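A quick write-up on the structure given underneath.
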There are 2 protein chains.
Amino acid sequence: MGTKERKQREFAERERQFLDAAYELVSANGLLNLQVSKVAEKCEYAVGTLYQHFASKEDLLLALTTLQSQAHTEMFRRVAQWEARPRERMFAIAVADMIFVRNYPEHFRIAQYALCEVVWRAASAERRQDFLEAGRPIGEIVIGIVRDAVAAGDLALGGMSPEEVCTGLWALCNGIHNLVHAEGVLEDFAVGDSYLLMCRHVQAMLNGLGWQPLADPEDVRATDRLIQRITNEVFHDLCPAQ
Amino acid sequence: MGTKERKQREFAERERQFLDAAYELVSANGLLNLQVSKVAEKCEYAVGTLYQHFASKEDLLLALTTLQSQAHTEMFRRVAQWEARPRERMFAIAVADMIFVRNYPEHFRIAQYALCEVVWRAASAERRQDFLEAGRPIGEIVIGIVRDAVAAGDLALGGMSPEEVCTGLWALCNGIHNLVHAEGVLEDFAVGDSYLLMCRHVQAMLNGLGWQPLADPEDVRATDRLIQRITNEVFHDLCPAQ
DNA sequence: CTCCGATAATGAACCGGATTCAAAATTCGC
DNA sequence: GCGAATTTTGAATCCGGTTCATTATCGGAG
């Protein structure tokens, strides 16, 4: 009697359908114009059905954020598994980030909104829990890399704990994502440029901790080659053939 | 015939009253529970009167964010005027930030929300303009300090422009503010600690650019003394006597 | 002081979209 | 094929932001 299992699977599939539809609608019309009824309509269900899955519109948005965070985490996991020196793995984290945002261009805009008090509090406790859990491995993985680096002797934290260093890196990257995606603040700033900028800053921060750069920072070619190598070795299937 | 002038002044005062009331209500009940009608009520005006000032609820929130940004900018201006070495002035920027957030504890929460697409787009073009203008000097002041430092020969940007360096610093600080104020993400993280953390990271980033620390980073006392000195010399009137 | 047009304030009514829930439809095991 | 249980439906409800016709206030002219 696999009926129950099938139902559960179908239920989960539908939830996914709603989330995908919501993301498409946001991509097409902006978060401002997202209507719950349109999401349901796009999936050919009534609103009531959607509300069996999500406690509120905000709940749906947080669920969407979480779903994408899971994809993000998955990429980080691959980096953790990748056989390379700590500094290379750390660089691979930045590359993962770059590819992630390329694949989910609306993610940070939605996440920024979903994590505001107004939305966060309006989502269900369960979704909040899910979000926090989805993000936890990200921190752990990066902390692991920092620890490895310290153990290998190429990083001096100068009184900071690996956790604190990671918080700083995380804040820097998120800060840049937010800057780039914030409405109006940097309107004429190309998203492509921002990754170069982010990488340079991460590099600067790591240099400050005593980490030697992987390549001559002036040599743009070398950096490009490195990005290419990581893309091929770790994320080949996540990048559209160019 | 100063009638017109008086009216204008009264109009501006009332706008300020609405903004202050809104901030108090947010402090008391959270952004989630902010109602336009309650803001009007708190000021003993009808909603219609409030709507003579603000095109929408979002317009009010953005105006509030801008108002506080102006106070922030004002603090930065003082730093720019302060006679000190570039590195000291840069440190004073961090101190300004610390004091600012202490004085407006809800600011980043509100700003984070107000700068989301959903709110930003719903505000009037004029308010958006005002916000962008209020923030511009902040960047200019920090860039000025970086330039002075480069001119004094104690900073090597390593291929980055002063603007890029400032973007990185800004992103780092904002990223940490957001982390600290984001709901749930760092629930058990004391805001007080976060400044220490922020300062250390800024220090690390600047070290990466070749800037020598003002004091031995291990010596917490020395940092505290420096903060105290800047507080007294530059921001005496903005700090409640402790 | 009073009147009048202009200006500002009022708050009840309106409106749009999120949310609910009673009724209809479907599913499942027998 | 039947009836109970479950699921889906979408019209009705609710809520708070927004509007605007009405009322009150103001300032200057007579």
Side-chain angles (χ1 to χ4, degrees), chain A residues 1-15 17-19 21-22 25-26 29-64 113-114 116-124 127, chain B residues 1-19 21-22 25-26 29-64 113-114 116 118-124 127:
Chain A
M1 199 232 284
T3 309
K4 199 165 196 174
E5 285 68 20
R6 198 202 65 229
K7 287 241 175 136
Q8 283 186 336
R9 197 176 55 244
E10 282 174 359
F11 190 82
E13 274 166 16
R14 194 164 59 214
E15 182 154 321
Q17 227 185 308
F18 283 132
L19 294 173
L25 287 172
V26 171
N29 313 323
L31 200 46
L32 183 58
N33 300 309
L34 184 70
Q35 284 172 231
V36 172
S37 57
K38 298 283 182 212
V39 176
E41 196 184 321
K42 191 164 211 262
C43 298
E44 300 177 291
Y45 283 105
V47 259
T49 306
L50 188 149
Y51 273 90
Q52 291 215 307
H53 293 261
F54 308 103
S56 63
K57 184 182 184 179
E58 287 80 11
D59 206 49
L60 184 151
L61 285 175
L62 185 56
L64 177 55
Y113 183 63
C116 285
E117 178 188 12
V118 173
V119 180
W120 177 263
R121 290 244 184 109
S124 67
R127 297 283 177 193
Chain B
M1 198 230 286
T3 309
K4 199 166 196 172
E5 285 68 19
R6 198 201 66 228
K7 288 245 174 131
Q8 283 186 336
R9 197 175 54 244
E10 283 173 358
F11 190 82
E13 274 166 16
R14 193 163 58 214
E15 181 155 323
R16 180 59 193 264
Q17 228 185 308
F18 283 133
L19 294 173
L25 286 173
V26 171
N29 314 322
L31 200 46
L32 181 58
N33 300 307
L34 185 70
Q35 283 173 232
V36 173
S37 55
K38 297 284 181 213
V39 177
E41 194 184 322
K42 191 165 211 267
C43 299
E44 300 177 289
Y45 282 105
V47 259
T49 305
L50 188 149
Y51 273 91
Q52 291 213 311
H53 294 261
F54 308 102
S56 62
K57 183 182 183 178
E58 287 80 9
D59 207 47
L60 184 151
L61 285 176
L62 185 56
L64 178 54
Y113 182 63
C116 285
V118 172
V119 179
W120 178 263
R121 290 244 184 108
S124 67
R127 297 283 178 192

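A note on names: the letters A, B, ... follow the listed sequences, proteins ahead of strands, and every chain is numbered from 1. What you see is a predicted model, and the numbers here were worked out from it, not measured in a lab.
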Would you mind reading off the distance between [X] atom [atom1] and [N] atom [atom2], rounded to a whole angstrom?
X      : N       : atom1 : atom2 : answer
Y45(A) : dA24(C) : OH    : C1'   : 17 Å
E10(B) : dC26(D) : CD    : C1'   : 11 Å
D59(B) : dT18(D) : CG    : P     : 9 Å
L25(B) : dG16(D) : CG    : P     : 14 Å
F54(A) : dT8(D)  : CZ    : P     : 13 Å
L50(B) : dT19(D) : CG    : P     : 12 Å
E41(B) : dG16(D) : CD    : C1'   : 14 Å
K57(B) : dT19(D) : NZ    : P     : 15 Å

Phosphate-side-chain proximity, [X] and [N], N/O vs OP1/OP2 below 4.0 Å:
X      : N       : value
T49(B) : dT10(C) : yes
Y51(B) : dT18(D) : yes
Q52(A) : dT8(D)  : yes
R14(A) : dT8(D)  : yes

How are the rings of Y113(A) and Y113(B) set to each other: parallel, tilted or perpendicular (split at 30° and 60°)?
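Aromatic pair Y113(A)/Y113(B) classed parallel.
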Give me the ring orientation class for H53(B) and F11(B): parallel if the planes are under 30° apart, tilted from 30 to 60°, perpendicular past 60°.
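H53(B) and F11(B): parallel rings.
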When all nucleic acid strands are considered with a 4.0 Å heavy-atom cut-off, which category describes L34(B): base, sugar-phosphate, or nothing?
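Sugar-phosphate contact only.
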By the 4.0 Å heavy-atom rule, please label V36(A) as base, sugar-phosphate, or nothing.
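It contacts sugar-phosphate atoms only.
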Options [options], nucleotide nearest the side-chain atoms of [X]:
X      : options                  : result
V47(A) : dT18(D), dT7(D), dG10(D) : dG10(D)
Q35(A) : dT10(C), dA18(C), dT6(D) : dA18(C)
E58(A) : dT7(D), dT19(C), dG10(D) : dT19(C)

Tell me if the NZ atom of K38(A) is crowded by more than 12 foreign heavy atoms within 6.0 Å.
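It does not: K38(A) NZ has 12 such atoms or fewer within range.
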Minimal non-hydrogen separation, K57(B) against Y51(B), with atom names
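Shortest heavy-atom separation between K57(B) and Y51(B) comes out as N-OH, 4.2 Å.
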Hey, are the side chains of W120(A) and L62(A) touching, using non-hydrogen atoms and a 4.5 Å cut-off?
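Touching, per the 4.5 Å side-chain cut-off.
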